[in-house]
Amino acid sequence: MGVVMNPDNIRQEMLRRLMTQYKNDLMRMSCAFLRDPALAEDAVQETFIKAYQAMTMFRGDSSEKTWLMRIAINTCRNIRRDAWFRYVDRSITPDILPLQAASDKDRALLGAVMSLPYRHKEVVLLYYYQGLNLQEISDTLGVAASTVSTRLKKARERLHIELKGGV
Amino acid sequence: MFDHVQQDNELRRVMDACLPGLENKPGFDQNVIKQVRGDTKVKKKLSVGFVLMIVLVLTVVAALAAITLSEFYEKAIQKEGESGLIQDWSADDQAALVDWMIDAGIELDVEKVARLHDTGLTDEEKSALAMEIITDYYPARDGILSTVDIIAKEKGPVEYWSLEDKAWFSELMLEYQPDQIGGVNLLPGEGDITQEEAIEIMYAYFKDTYGLERGEFDETTMSVSFAEATWDDGSGPELLTTWGIEIWLKTDSDHSLGVSILPDGTMKEAHGPYVPNWRDDWYDTYIGESLGKDFWTIEGTYAFSQSGWAQRVADLQAQDETIYANLLHLLTKHFGLPGETDITPDEALLIANLAVSETLNLTDDDMRFYQIRRAYLLDDYEFPVYFFWYLRSAETQNLDDAEKERLVQMVVLINATDGSIVRLEPTSGLSFAEIV
């Protein structure tokens, strides 16, 4: 005879699976957004709690990963809350965040990404770190795919200038 | 570094290597589970009489429209400051938000609202029902809703709010959520240039600098703010108030132009029209946008060879431009299309796939984790060859290390005339220049 699970247990099992699968990536992405490991850990914890609470409302409009990224992005935004007003903060360096052993080249790339304007950083991390495609990023951020494409292009321009990289 | 495939590998590698994960926090999962666990309550049915009574009460309440929309927004912002996003509120608070919506004269599903006030509902049921009512009116995908989304239903996207609305919102945020804002919207005062003057300064700047006439701008896209924020040009943070204006050209809906102007009319910062450069064009070519097909296909590499890049690169080098090494290398290759006497591309791919799978002892399922770059090369040997470059696809990031290691990256060259294998070997090269 099989074990029948009640809805709460099913959700908790799903939550455990989500944490196993995504928590490390989310932690690193949150570090890149918030530049503070303690804040990032809070953000990841809050993300999973919100995900658990929102599970019953998850209608499958998007993939599970896109849905979770959307929660994470909004959580980091709430913590940072600079998305609605124009301002410039240029005092962004990777030195605020204690990096694990990193070569100069790695620090340069990470520093360049972390110095991107927030909206560009979001699309770069979702595209290159989380591996989402343009439509998935569009669903995550709630903006048109053309806007995502434009932000990616701008980000690449800035990164090219920062790093003078080649193909 | 920003090759279409390299980018995700490179950034992922760097971030995984440099930034902390949660591997050293073994209690993290259990801590989260503890926080989400709660008791459940016995369900009760809703009586018809009770529903009718609630409907009557709510009808009367709605008719009175006890508070204005602005007052509703303020209550929501205050609560959001106390309890976070609406989905994080208690069930009672979420139900209260529904009541505020009714108080503000918003028409909602009467039956659902009636059920919401059934005292027999569990907290979870009440929360789910309240969120359903709220998100039916204020659309929020997958349960995420903030007060700005609520206000945007009436006022539209925040970028296009009036200065007064932006300043009002800033005031509320300062009062109830002071830790959440990075800049403060204000209203201009005596001595400050007006919005109209700022706009004229913007147009004059773009005309003088870029020769752009006013009629070339799409004024319906203009967004204006007057805000105080921290600026730092490297010499230390400075609190400044500026007019911020963003606008698009009629001919380019992808790239905005913008200015930041100090209250005395001095231009603080501006970004002008998008200027395509060869790096962007190369990027578009390499991701196939301007070729109209994927670059790393036989047709794509052939299209590249016919696209005029050789001459363009020569012209750029004459201007002392530094050209990407990979682009230079690609230009040394003679890409072609198979001839009538050649084996077909599909036949060549079958041969290559079989060789790779046998060499690495892989199944058909394993092989789907490769993305295969292809080309038809004319001058590398005395005969034309099909080039196949087996790279791990993005899906491999979900595999464990042992599984990934089996998927060795390979290069295979097949003689196009007789199908013999010319080259079959592993490669760790990340650019074409390192492979062929």
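Within every chain, numbering begins at 1; the chains are lettered A, B, ... in the order of the sequence lines, protein sequences first and strands thereafter.
Using a 4.5 Å cut-off between heavy atoms, A:Leu15 touches chain B through its side chain atoms alone. Looking at A:Val44, the atoms closer than 4.5 Å to chain B (heavy atoms on both sides) sit in the backbone and in the side chain alike.
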Between A:Phe48 and A:Tyr22, does a ring-ring contact (aromatic ring centres under 6.0 Å, His included) hold up when you go through it step by step? CA-CA 10 Å; A:Phe48 284 119; A:Tyr22 296 111; 7.8 Å; no
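Of the listed residues B:Ile323, B:Val32, B:Thr322, B:Ile33, the one with more heavy-atom pairs under 4.5 angstrom with chain A than any other is B:Ile33.
For the pair A:Ser30 (side chain) and A:Leu26 (backbone), a donor-acceptor distance under 3.5 Å is present.
Between B:Trp248 and B:Tyr274, the ring center distance fails the sub-6.0 Å criterion.
Between the side chains of B:Ser127 and B:Gln94, at least one donor-acceptor pair of N or O atoms lies under 3.5 Å.
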